[in-house]
Asker: 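Let me begin by handing over the structure; questions about it come next.
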Amino acid sequence: MDKKLGLIFEDFLTAAEEATSKQDEWIMIDQAHAHLDDLSSHDYPQVLQRILTLIEKYPELDYGGPGPFGSFLETQTVGAYSLELVASLQRQPNVQVLGWLDRTMRMDASQRTADGGIEPSYYAEVVTTVLQHPMASENCKSFARICLEE
């Protein structure tokens, strides 16, 4: 693993801990913005996995909507990240990742499909699974219900 990338994510972990303890999401969001260009110089799938692992560790933290991490995700086609978002939601549901997946449903259907995104029927299955997941917070379940209604 790239040492520089490891140091960036150590900074993110520290920022996430501080943001959580101080209940100030801007600590994390500002840190992510500060490193956004650096993230782009690393292997996209590896960075994506590290971002998702961070969010799974701090699922209640607000990372912005879509925030700097969401902006990073969206530098690639939806097919490069949508199934990774699904896998993350299966491990640890959270509003942030569900929000990113929900954004893919707002894309033009033909473009989303051409870019390798998931179908609305599968999206509905994933969101239903989030509602039933024992580690999903009430906040996440509430957002999942909204996603299903739309």
Side-chain angles (χ1 to χ4, degrees), residues 1-120 122-127 129-130 133-137 139-141 143-144 146-147:
M1 179 187 321
D2 186 320
K3 184 176 181 176
K4 183 170 177 149
L5 186 60
L7 292 173
I8 291 170
F9 276 89
E10 284 179 24
D11 286 348
F12 289 162
L13 283 170
T14 301
E17 289 170 12
E18 184 179 356
T20 300
S21 70
K22 292 182 177 179
Q23 296 183 354
D24 181 357
E25 73 271 7
W26 288 103
I27 295 169
M28 182 65 238
I29 293 169
D30 289 345
Q31 189 66 246
H33 272 296
H35 287 293
L36 198 54
D37 288 338
D38 293 331
L39 293 180
S40 298
S41 69
H42 295 276
D43 179 59
Y44 181 87
Q46 183 180 27
V47 174
L48 175 58
Q49 284 305 311
R50 301 285 301 261
I51 289 170
L52 295 173
T53 299
L54 172 72
I55 293 171
E56 289 167 23
K57 184 170 181 162
Y58 295 95
E60 293 302 308
L61 190 57
D62 184 348
Y63 297 85
F69 290 145
S71 296
F72 172 80
L73 253 64
E74 293 175 354
T75 62
Q76 303 292 313
T77 64
V78 68
Y81 62 87
S82 61
L83 290 178
E84 295 302 324
L85 299 180
V86 169
S88 178
L89 289 169
Q90 291 169 341
R91 291 186 298 268
Q92 173 60 69
N94 62 79
V95 172
Q96 187 72 52
V97 174
L98 183 56
W100 290 335
L101 190 62
D102 186 64
R103 284 173 60 88
T104 70
M105 291 296 107
R106 299 183 191 304
M107 296 174 68
D108 177 79
S110 61
Q111 182 65 46
R112 182 184 62 248
T113 303
D115 287 346
I118 64 172
E119 294 290 334
Y122 184 51
Y123 169 77
E125 286 178 37
V126 171
V127 176
T129 301
V130 166
H133 198 289
M135 291 174 25
S137 69
N139 189 33
C140 185
K141 289 178 182 181
F143 183 58
I146 291 168
C147 291

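Keep in mind it's a predicted model, so treat the numbers as computed, not measured.
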Asker: Tell me which one of Leu36, Leu48, Leu39, Val97 satisfies side chain to side chain contact (heavy atoms under 4.5 Å, CB included) with Phe69.
Answerer: Leu39

Asker: Calculate, to the nearest 0.5 Å, the distance between atoms CG and CD belonging to Asp115 and Gln76 respectively.
Answerer: 11.0 Å

Asker: Using only atom types and a distance under 3.5 Å, with no angle test, would you say the side chain of Trp100 pairs donor to acceptor with the backbone of Pro66?
Answerer: yes

Asker: Leu101 versus Val127: any side-chain heavy-atom pair under 4.5 Å?
Answerer: no

Asker: Any heavy-atom pair between the side chains of Thr129 and Leu89 that's under 4.5 Å?
Answerer: no

Asker: Can we say Asp102 and Arg106 salt-bridge, meaning some charged N sits less than 4.0 Å from an Asp/Glu carboxylate O?
Answerer: yes

Asker: For the residue pair Val130 and Cys140, establish whether any side-chain heavy-atom pair is separated by less than 4.5 Å.
Answerer: yes

Asker: So Ile55 and Ser88, do their side chains get closer than 4.5 Å, heavy atoms only?
Answerer: no

Asker: Quick check for you: to the nearest 0.5 Å, what is the distance between Trp26 atom CH2 and Ile29 atom CD1?
Answerer: 4.5 Å

Asker: Which heavy-atom pair separates Asp62 from Glu25 by the least distance, and what is that distance?
Answerer: O-CB, 3.2 Å

Asker: Is there a side-chain contact between Leu98 and Pro93, using heavy atoms and a 4.5 Å cut-off?
Answerer: no

Asker: A quick test of your reading: do over 12 heavy atoms of other residues, nucleotides or ligands sit less than 6.0 Å from CG of Asp108?
Answerer: yes

Asker: Is it the case that Gln31 and His35 place a side-chain donor and acceptor less than 3.5 Å from each other?
Answerer: yes

Asker: Is the centre of the Tyr44 ring less than 6.0 Å from the centre of the Phe72 ring?
Answerer: yes

Asker: For the residue pair Val86 and Tyr122, what are the closest heavy atoms and their distance?
Answerer: CG1-OH, 3.4 Å

Asker: Does a side-chain heavy-atom distance below 4.5 Å link Leu54 with Tyr63?
Answerer: yes

Asker: Roughly how far apart are Thr20 OG1 and Lys57 NZ, rounded to 0.5 Å?
Answerer: 10.5 Å

Asker: Between the side chain of Arg112 and the main-chain N/O of Ile118, is any donor-acceptor distance below 3.5 Å?
Answerer: yes

Asker: Supply the atom-to-atom distance Thr104 OG1 to Tyr81 OH, rounded to the nearest 0.5 angstrom.
Answerer: 6.5 Å

Asker: Tell me if a side-chain donor or acceptor on Gln92 pairs with a main-chain N or O of Met135 at a distance below 3.5 Å.
Answerer: yes

Asker: Measure the CD1-CD distance between Ile27 and Glu18 for me, rounded to the nearest 0.5 Å.
Answerer: 4.0 Å

Asker: Quick one: does His42's side chain get under 4.5 Å of Ile8's, heavy atoms only?
Answerer: yes

Asker: When you measure from the side chain of Gln96 to the backbone of Leu61, do you find a donor-acceptor pair of N or O atoms at a distance under 3.5 Å?
Answerer: no

Asker: Would you indicate whether the side-chain heavy atoms of Phe12 and Arg50 approach each other to under 4.5 Å?
Answerer: no

Asker: Would Glu60 and Ser137 count as having a side-chain donor-acceptor pair, cut-off 3.5 Å?
Answerer: yes

